[in-house]
Amino acid sequence: MSEDRNNSARPASPEEGISRRRTLQTLGLLAGAGAGLLPGPFSGLAHAQAPSGRPIRVGFQVHRTGIGAAYGRWYERTTVAAAKLINETGGIGGRPLEIVAEDDGTDPKRGPEVVEKLARQHKVDFVYGTLFSHVVMASAPRAGELKIPYFVVSEGYHVASGKLNRYVFQPGITDVRAQVTAVASWILDKLGKKVTMIFPDYAFGYDHRDFLSQAVAKRGGTVLEKLAIPPTETSFTKYFARVPAQTEVLYHVMVGPGVLTFVREMGEHFGAKRPQIFGFIDSLEGVDIASPGLDFLEGTYLWEAFPRYAQAPLAPHVQEYRKRVGVNDAGASMADPKDVSTFSHMFGCWETLFAIKQAVEKSGYRDPAPKDYRALIEYLESVKGFPEGIEHPQGAKTFSGRLHQSYGHQYVSRVENRRLKVVHRTRIEDGMYAPEADYTKQSL
Amino acid sequence: MSARAPRRALALHLTVVGLLFLAQFVLPAYHHTNVARIMVLATYAMGYNILLGYTGLMSLGHAMFFAAGMYGAGLPVYYLGFGAPAALAAGVAAGVLLAALFGLLALRASGVSFLIVSLMFAQALYLASLYFNEITLGDQGFIVSDRLAPLRLGDKSLGFHEPALKYNAALVLFAACLMLSLALRASPIGRVLIAIRENEERTRLLGYDSLRYKLLSLVLSGGISAAAGASYALLFSYVGSTFASIQYSIYPLLWTLLGGIGTTLGPLLGTGLMFYLVDVASGITSAYLLLVGAALVVLILWFPQGILGTVRTKWLPWLP
Amino acid sequence: MSFGPHLFLALLEGTVSAFVLALTALGLSLVFGVMRIVNVAHGEFFMLGAVLAWFCSSAVGEPLAGFLVALLAAPLAVGALALAADRWILRRIDYHPESTIVATIGLLYVLQQAVLTLYGPDARPVSPPVYFTIEFPWFGYSGYKLVVAAVSALLLAATWWLLTRTTLGLYMRAAQQDLEMAQALGVPARRIYAIVFALGAMLAATAGVLVVPIQQAHYLMGLDPLLLSFIVVIIGGLGSVKGTLVAAFVVGLSDGVVSVFFSPTLAKIVATLLVVAVLVARPAGLFGAARS
């Protein structure tokens, strides 16, 4: 199943994914022979040796089915691509990287069972890859009990909030609190001071509701109305009616299968006399901006973590990243331009795997034993940041050892001619907030 | 049923419990925790079986009892610092109260109506757990383990992360409820319940107040389901709205049907089998639910009484 | 927006969703009423209609043509599937209520997973066959939604005509009232059951086709229509077209209007508890006649 991946940059189709029984070892051994001749973006990675010896096994807790399946698919493709590059350039400390994937069904009951399976049956070194926060909350305690490092790719605030445990890290993706805080200043500066919020009536939405309200209040704006929409809602027109007339900025973060309807009905409702509109690309991950009925988005703004459309001039490492994960200039699959990627989230998988690589190599980790884990965790807690480059193509990160969380740049993009054009990039400090926890004080 | 049957049944049940106890010393690490989970979930299925298997009332809303136990135990630990025994008691109490309230409202309906009422009521409570998210923390949920004090047994203190505590607490819960089911089955009350299942009209004509018996059955069923929910929260640390959703009302139905409706050991068999069916199937295909669905259809076509039910009919009539 | 227009908008929305709901729920109601079984996979027939509509519109390309093809092909395909399910599964378990629930739950899983595998996890849009906005003074409104309401009303009328004016309808109503008597009088019960089950599925699939340009086709989209259909069928009574329509309007309009005043989640809680109250007070539903 994985043989032909060696020959093309085509990403795995949904049916391929990662075969659990096969590893990428073979791939790495074959490709590694050509490493050391790699130019430019790979400086620092070039390794003359093909990876050999006992593999580093990373357990991938993936949402292959359930409500998170659309994200899971791209997470899996990005994971495969990152692992391939790692193995092409010498593996992790000379050892091949092997990904072992298990579907958790985006289910908080199955999540910890999968963690258990990966740790105890497959005997992986680390577990990684969860996105949906309820699954993270259910699974993280088990990882802590099993004392296995658990790398979350979730953008939830749960890691930094201190609610989880010292084995949990989120080095590859920023959290929603930082994202909201960072864009709030720009919104109030450029779009308006009177904000109405529309958000889903569950945890993800509440994070936006709470953090934006705080940030807005701090910068002298007002939140006029907070409209919470039940997650199973399929028709949104009635909510737009409740947007107050004096609204200057409509802030929306709708997610889920109803999102396209949401945007379309927003357009139908407001027509030409609309307030400024700022949304999060979460609403449209995997959805083509040029879809019929989304014309209304023209001229509105969206937060992006990583610009979906290639912005000129494109840095070589971003170009290489895009090629390897198999997206074209519009952020869609090269194999199928109708298959739009979850570009602002999936980079988290790539960067997390490289963070794991760095942590293993720099901490001297060898085996899944308590002292190796301790060394790895203490190393990570000492890391101050990650530089931009092929390992972290989204941008430079600052890392908080005590919060186990990365901080990075956020982007504001404008919809222009049915494409996204970046109009602002925040500084990393724009998203910082007072830390509320300190994992380093916990025992291991 | 001969005079030897009750003793044979008792011996069988004690053997099962004994085997489960011994298993913890030989099971590989991965399966050790799985069996603990299976035992707790099998308890949930046993609770469900009391209502469906013995009394003949099918509910599609039992998640509300499981969730009542879960929140009933989890919230006091999270906000008030309850210890595990008190939390368990609170969880069971919540389930019993909810079942009594629900029973008084809903037991006038029967058959399909009861099914829909249970479904709707559970759905309303699920939505309520989302609505009151300031307290319940909604679908994201909350973690119990870091606030749960270790269990004191004499002068020893056992943390809830200890595998031995998880396994044996689950075993105690399971064994207690199993024996309760067995006792119920053999008792006069149990016989009336089964009579109600077979023919409610006739049972009433015989002078039994079927409503009161059904209420008792529902309260027992709800209480046991809640005990399972409470234990799940305490042993596996997470409480969230997902467990109140309709999926979690379908599971005990599935497990009970698979293992054998109206048999005491059926729920354990069904829960364990389904757990491993999903586990093994998800290694073969990402469409493992397809296998689950197909399994359901196959079972109901050819083994409508479930595995142990069919065994009982064909070979072992003394099986309770 | 001020109160008047807001209410008007809520009523418009409520009317559209009421018609669609009536169409979806009618299938469940007929199956319930005539066959006395609960089809837990009913929502999946709705979902299949929507997904097949997407396939049709991708294959055909032009929105209006694609839509018309879907309107024809999807219900037929889903109807065939339902006939197969009846023949190979339901008949074999002799329409036993509990067994049917289990079997249809199994069918639900199989259908969902099949769609996940063949269609994928994404929610995909389908272009409406006609796209125009009606500009009211206070807001714009999708013209297509009104088309949906009109077509649903037509289909409901057609079904009513079928039930009350044709022999088939007569057989169905007879089987619903008293199966044994009907059989004794020569009603082919087995065939009627198969037809009713297929008809119920086709109605749900048609609703899915109509609705998909407004929503998107997603493999998990069947659950909510199932729950709502249950509510409608309970309130409206088993097997009654009139009751289904009235109940759908009660549910559809009240959901829209109540959400104007209260949080939608709270509105749903209240609606659900109201259903419980109705069922407890009148176990046959508001309009259902007690079966002899």
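All chains are named by letter (A, B, ...) in the order of the sequence lines, taking the proteins before the strands, and each is independently numbered beginning at 1.
- Only the side chain of L41(B) comes within contact range of chain A, with heavy atoms under 4.5 Å apart.
- Looking at every heavy atom in both residues, S283(A) comes nearest to V253(A) through OG-C, 3.7 Å.
- For chain A, the nearby part of Y238(B) is the side chain; its heavy atoms alone come within less than 4.5 Å.
- Between S139(A) and the choices Q61(A), E116(A), E113(A), the side chain to side chain donor-acceptor pair (under 3.5 Å) rule is met once, by Q61(A).
- The residue among A69(A), P230(A), G144(A), S133(A) with the most heavy atom pairs within less than 4.5 Å of chain B is S133(A).
- Counting only N and O atoms by type, the side chains of N168(B) and Q24(B) include a donor and acceptor under 3.5 Å apart.
- Only the side chain of N133(B) comes within contact range of chain A, with heavy atoms under 4.5 Å apart.
- Aromatic ring centres of F21(B) and F25(B): separated by under 6.0 Å.
- Between F142(B) and Y78(B), the ring planes are tilted. Angles from 30° to 60° get that label.
- Using a 4.5 Å cut-off between heavy atoms, Y131(B) makes no contact with chain A at all.
- Neither the backbone nor the side chain of H32(B) comes within contact range of chain A, judged by heavy atoms closer than 4.5 Å.
- Heavy atoms closer than 4.5 Å to chain B are found in the side chain of Y206(A), but not in its backbone.
- Only the side chain of D107(A) comes within less than 4.5 Å of a heavy atom of chain B; its backbone N, CA, C and O stay farther away.
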Considering only distance and modelled atom types, tabulate donor-acceptor pairs under 3.5 Å from the side chains of residues 222-234 of chain B, sequence neighbours left out.
unit_1  : atom_1 : unit_2  : atom_2 : d
S225(B) : OG     : S221(B) : O      : 2.9
S231(B) : OG     : A227(B) : O      : 2.8

